[in-house]
Structures are given as C-alpha cells and as structure tokens.
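Protein chains get the first letters and strands the later ones, always in sequence-line order, with residue 1 at the start of each.
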2 protein chains.
Amino acid sequence: MVHKDTDCEILHLDVVDKVRSTMPKEPILNEVSTLFKIMGDNTRSRILWALDQNEMCVCDLAALLNMTKSAISHQLRLLREAHLVRFHREGKNVFYVIDDDHVKDIFEKAVEHIIEKNNPTL
Amino acid sequence: MVHKDTDCEILHLDVVDKVRSTMPKEPILNEVSTLFKIMGDNTRSRILWALDQNEMCVCDLAALLNMTKSAISHQLRLLREAHLVRFHREGKNVFYVIDDDHVKDIFEKAVEHIIEKNNPTL
DNA sequence: ATTATAGTTGAACAATCATTCAACTGTCAA
DNA sequence: TTGACAGTTGAATGATTGTTCAACTATAAT
C-alpha cells in the first residue's frame with residue numbers, strides 16, 4: 001500500500017537504531033502479516049479450526065458452518081493459495097486437510113490465549 | 001456478518017458430529033479471529049514487532065516505519081482497544097508497550113514459521 | 001502568554017474483501 | 001446419456017478498513 005513518508009524526526013536514536021538493526025527483512029514481516037490476515041477472518045478461522053480436528057469435505061464444512069458451498073469454496077481457495085490447506089478428491093467429494101503444523105500451533109496457542117484471558121482462575 | 005444458510009446436507013454425520021462436539025463456543029472463535037485480524041495488517045504487525053523489541057514513542061515509531069504520526073496513532077488506537085498494547089506519557093512523549101505475553105509468543109512463533117518456511121535447510 | 005512539538009481524533013476517500021448469484025466442471029448412478 | 005449431486009469460478013455488490021487531511025488537545029520552553 002502506498003502511503004506518505006513520515007512527518008517525524010527521530011527522538012531517541014539509540015532505541016530506533018537498536019530496533020532497526022534487529023528488524024526482520026521487510027518480506028518476512030510481510031509474510032507474517034499476510035499469514036495473520038488469512039487467519040483473521042471468522043469463516044476462515046472456523047474452517048481452520050474444524051480441519052484441525054478432522055479432514056472434511058466442502059459440503060460438510062458448509063453444513064457445519066451453516067454457509068453455502070460457494071462461500072466456503074471461495075475461502076478454501078484462499079487457504080489453498082496460502083498453502084495452509086491441501087485437498088484430495090474421493091469420488092464426488094473433495095476433502096481438505098491442514099497442510100502446515102505451524103498453523104496448528106499458532107492457532108491452538110491463540111485459542112489457549114483467549115480461553116485463559118476469559119478464565120482468570122486458570 | 002449476515003449470510004445465507006447452508007445449501008448442503010451433511011454427508012459424513014460421524015465427522016460433523018465429532019467436530020461439532022468439540023467446537024469452542026462461538027465467542028471464543030470470534031475473539032480468535034479478531035486477534036488475528038488485528039495482527040493481520042502490515043503496519044500493525046510492524047508496530048507489534050518493534051514494540052516487542054523495545055517500548056517506543058509514537059514519533060519514533062512513525063520515523064522507523066516511515067509513516068505519519070496520524071497513521072501510526074490510528075493503528076495504536078486499535079491495538080490499545082484490543083488490549084494488545086498499553087501506554088504511559090512522559091512529558092511530551094507517549095510510550096507504547098506490548099501488554100500481552102501471548103501476543104509476543106504468537107507473533108514470534110509466526111516469525112519462526114515464516115523464516116523456517118523460507119529456509120528449508122534449517 | 002505565546003510558540004513549538006507530540007500526539008489524538010473525526011470525516012472522507014480509496015482500496016480491499018466476503019458473500020451472493022449464476023453458470024460452469026467433474027463424478028457417479030440409473 | 002441423462003440427471004443429480006459435489007464443488008469451483010468470475011462478476012457484482014455491499015461492507016469494512018487503512019490512510020490522509022485538517023483541526024484539535026497536552027505538555028514544555030521561551
């Protein structure tokens with residue numbers, strides 16, 4: 001995205017230098033935010049959660065999430081393109097599976113985080 | 001978001017039942033996707049990454065990321081409202097800090113993930 | 001008091017994006 | 001080969017959202 005340059009002078013050069021020197025390459029941070037963006041949709045995160053439990057075909061996903069095949073299929077395409085899921089056809093059905101253990105980790109950690117946050121007694 | 005009901009019959013009832021029975025409550029999955037959505041913006045994830053290295057004032061963040069104070073401040077407001085960062089004023093400066101260790105974990109795990117993915121020799 | 005700097009905020013605009021709709025492909029059964 | 005079902009796809013649409021702009025508040029220095 002195009003945006004204006006900064007309108008600021010650096011105030012604490014030591015801090016900015018320190019942070020800048022350890023900053024990951026731009027493409028890395030880009031991929032990180034892209035990953036989160038893909039997981040950051042209610043439909044897609046429910047799909048990922050479901051597939052984390054069991055591989056599923058499109059129709060069952062649609063029934064489970066109470067959405068149309070088309071809507072689910074569009075979101076699965078995004079997940080496929082991001083290599084977060086892969087699929088195999090069996091007869092008339094196309095089954096989707098999570099393709100990436102890191103995604104499972106990250107997703108499960110986030111669920112933990114939310115549950116703990118809502119459950120201060122833990 | 002409002003959407004149509006499903007246009008599918010359940011095809012594999014055992015799978016759907018199994019997945020449905022362990023499905024987190026809707027609000028939990030909602031908060032999870034909201035968390036990812038917030039982290040899923042290039043500017044916000046760079047801010048989070050920077051604050052993960054060191055607390056920083058708005059102006060230094062703007063200089064580091066080469067963006068205007070206003071743009072940064074708008075994004076910091078979202079991060080504040082999501083309780084991902086907190087701030088304290090010192091004189092004319094307002095310093096922001098990450099408010100949530102889980103966010104650090106999740107973020108660092110995602111960076112690891114991307115780096116490993118781009119570096120198959122690891 | 002006045003001026004300058006740091007930061008915030010609301011409205012507006014442009015861009016992105018999720019779902020719908022309709023038309024399509026692929027597979028199986030009769 | 002015809003029909004039915006599972007799934008995909010492109011265009012359209014409505015909603016969401018990131019940045020800009022201009023006006024504002026807060027703090028410190030002169």
B/R77 atom CZ is separated from D/dG18 atom C1', nearest whole Å, by 11 Å

Between B/R20 and B/I10, the two heavy atoms sitting closest are NH2-CD1, 3.6 Å

No-H, no-angle donor-acceptor pair, A/T68 side chain to C/dC21 base, under 3.5 Å:
no

Q.
Less than 4.0 angstrom between a side-chain N/O of A/Y96 and OP1 or OP2 of D/dT8, yes or no?
A. yes

Between A/K69 and A/A62, the two heavy atoms sitting closest are N-CB, 4.0 Å

A/L78 atom CG is separated from D/dG10 atom P, nearest whole Å, by 13 Å

What does A/C8 touch in the nucleic acid at a heavy-atom separation under 4.0 angstrom: a base, only the sugar-phosphate, or nothing? nothing

Quiz item: Considering only heavy atoms and no angle criterion, is a donor-acceptor pair shorter than 3.5 Å present between the side chain of B/T43 and the base of D/dT19?
Solution: no

B/D5 CG to C/dT20 P, in whole Å, measures 9 Å

Going by modelled atom types, is there a donor-acceptor pair between the base of D/dT17 and the side chain of B/H74 at under 3.5 Å? no

Ranking C/dT20, D/dT8, D/dT27 by distance to the side chain of A/A71, first place goes to C/dT20

Which part of the nucleic acid does A/L11 contact within heavy-atom distance under 4.0 Å: base, sugar-phosphate only, or nothing? sugar-phosphate

By nearest-heavy-atom nucleotide on DNA chain D, the more 5' of A/K92 and A/R80 is A/K92

A/E9 atom CD is separated from C/dA6 atom P, nearest whole Å, by 8 Å

Between NZ of A/K37 and P of C/dA15 the distance, given in whole Å, is 15 Å

When B/S70 and A/D7 are each assigned the nearest nucleotide of DNA chain C, the 5'-most assignment goes to A/D7

On the nucleotide D/dT27, are OP1 or OP2 found under 4.0 Å from the side-chain N or O atoms that B/N93 carries?
no

Here the distance between atom P of C/dT16 and atom CZ of A/R44, to the nearest Å, is 15 Å

Would you check, one step at a time, whether the test side-chain contact (heavy atoms from CB on, under 4.5 Å) holds for B/L61 with B/L76? CA-CA 10 Å; B/L61 275 171; B/L76 285 170; 4.2 Å; yes

Rounded to whole Å, CE of B/M67 lies from P of C/dA6 at a distance of 18 Å

For B/F36 and A/A110 the tightest heavy-atom approach is CZ-CB, 3.5 Å

Item to complete: Report yes or no: do A/H113 and B/D105 form a side-chain donor-acceptor pair below 3.5 Å?
Response: no

Atom NZ of B/K69 and atom P of D/dC21 are separated, to the nearest Å, by 14 Å

